[in-house]
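These notes concern the structure reproduced below.
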Amino acid sequence: ATPLGNRQIPEFFTNQVVTWAQDNEDIPASFIIEVEVIMSKIAAENPFDFRHHLILGNFYNAARKFDPSYVDRAEEILTKAVELSPTNPQVYTSLGQTYLFKGDKDKAFTLLQKAIDLEPGYTKSSLNLAESYVMMGEYEKGDVTVFDSRR
């Protein structure tokens with residue numbers, strides 16, 4: 001495989017593991033650890049590529065149920081991703097989710113709003129914020145009108 005292919009295959013696979021981890025708790029811990037080793041090595045070898053940090057941070061967020069310390073690792077790696085790409089709304093959304101998992105609602109909502117401010121036309125950011133307010137029981141703040149596709 002080419003050097004690009006050497007990174008893309010683990011990235012794709014890690015993204016798939018994120019989906020599996022969110023849906024299924026029956027993944028063996030040893031498998032989660034192996035994925036972390038591979039993806040963290042790629043992120044370390046490409047320290048200025050925010051995409052690797054974003055993927056690894058999303059992995060840590062999804063894998064937090066296997067190891068609670070992954071939330072702290074997600075915070076660290078996603079903070080670096082924000083530094084590398086301060087205008088990318090995806091990194092603010094992911095870091096916002098990390099702070100929700102850490103129980104810091106104010107910081108989470110600020111970051112989720114920042115994602116909207118960066119790209120107001122990207123509806124997914126508004127959906128993420130509304131969903132987060134609802135999940136945290138702050139129904140009056142969750143603008144559920146963003147869920148209405150008829151608008």
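Please read all numbers here as calculations on a predicted model, not as lab measurements.
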Does NZ or CZ of Arg64 come closer than 6.0 Å to the centre of the six-membered ring of Phe101, within 45° of the ring's axis?
-> yes
Sequence neighbours left out, cut at 3.5 Å: what donor-acceptor pairs do the side chains of residues 102-109 make with other protein atoms?
{"from": "Lys102", "atom 1": "NZ", "to": "Asp72", "atom 2": "OD1", "distance (Å)": "2.5"}
{"from": "Lys102", "atom 1": "NZ", "to": "Glu75", "atom 2": "OE1", "distance (Å)": "2.8"}
{"from": "Asp104", "atom 1": "OD1", "to": "Lys107", "atom 2": "N", "distance (Å)": "3.1"}
{"from": "Lys105", "atom 1": "NZ", "to": "Glu138", "atom 2": "OE2", "distance (Å)": "2.9"}

Partner residues of Lys124 under the salt bridge (Lys or Arg N to Asp or Glu O under 4.0 Å) criterion, sequence neighbours left out | none
For Gln113, which residues count as a side-chain hydrogen bond (donor to acceptor under 3.5 Å, both in side chains) partner, sequence neighbours excluded?
-> Asp117
Interatomic distance, Lys114 atom NZ to Leu95 atom CG [nearest 0.5 angstrom] = 12.0 Å
Please list, chain by chain and in numerical order, all residues satisfying side-chain contact (heavy atoms from CB on, under 4.5 Å) with Ala81, sequence neighbours excluded.
-> His53, Val91
Just how far is it from atom OH of Tyr70 to atom CG of Leu56, taken to the nearest 0.5 Å?
-> 9.5 Å
Could you state the interatomic distance from OG (Ser40) to CD1 (Ile33), rounded to the nearest 0.5 Å?
-> 11.5 Å
Begin with the C-alpha distance, continue with both residues' side-chain angles, and end with the deciding distance and a verdict on side chain to side chain contact (heavy atoms under 4.5 Å, CB included) for Tyr92 and Leu112.
-> CA-CA 6 Å; Tyr92 290 97; Leu112 292 167; over 6 Å; no
Rounded to the nearest 0.5 Å, what separation is found between the CZ atom of Phe59 and the CD1 atom of Ile77?
-> 12.0 Å
Out of curiosity, does Val71 fall in the hydrophobic cluster containing Ile27 (side-chain heavy atoms, cut-off under 4.5 Å, transitive links)?
-> no
For Ala74, check side-chain contact (heavy atoms from CB on, under 4.5 Å) against everything at least two apart and list the hits.
-> Tyr60, Asn61, Leu78, Thr98
Nearest heavy-atom contact between Leu84 and Pro47 is CD1-O, 3.4 Å
Got a sec, which residues hit salt bridge (Lys or Arg N to Asp or Glu O under 4.0 Å) with Arg73, two or more places apart in sequence or on another chain?
-> Glu36
Distance, nearest 0.5 Å, that separates NZ of Lys80 from CG of Leu54 | 14.5 Å
CD1/Ile42 to CE/Met39 distance, rounded to the nearest 0.5 angstrom?
-> 5.0 Å
So, Ser85 side chain and Val82 main chain: donor-acceptor pair closer than 3.5 Å or not?
-> no
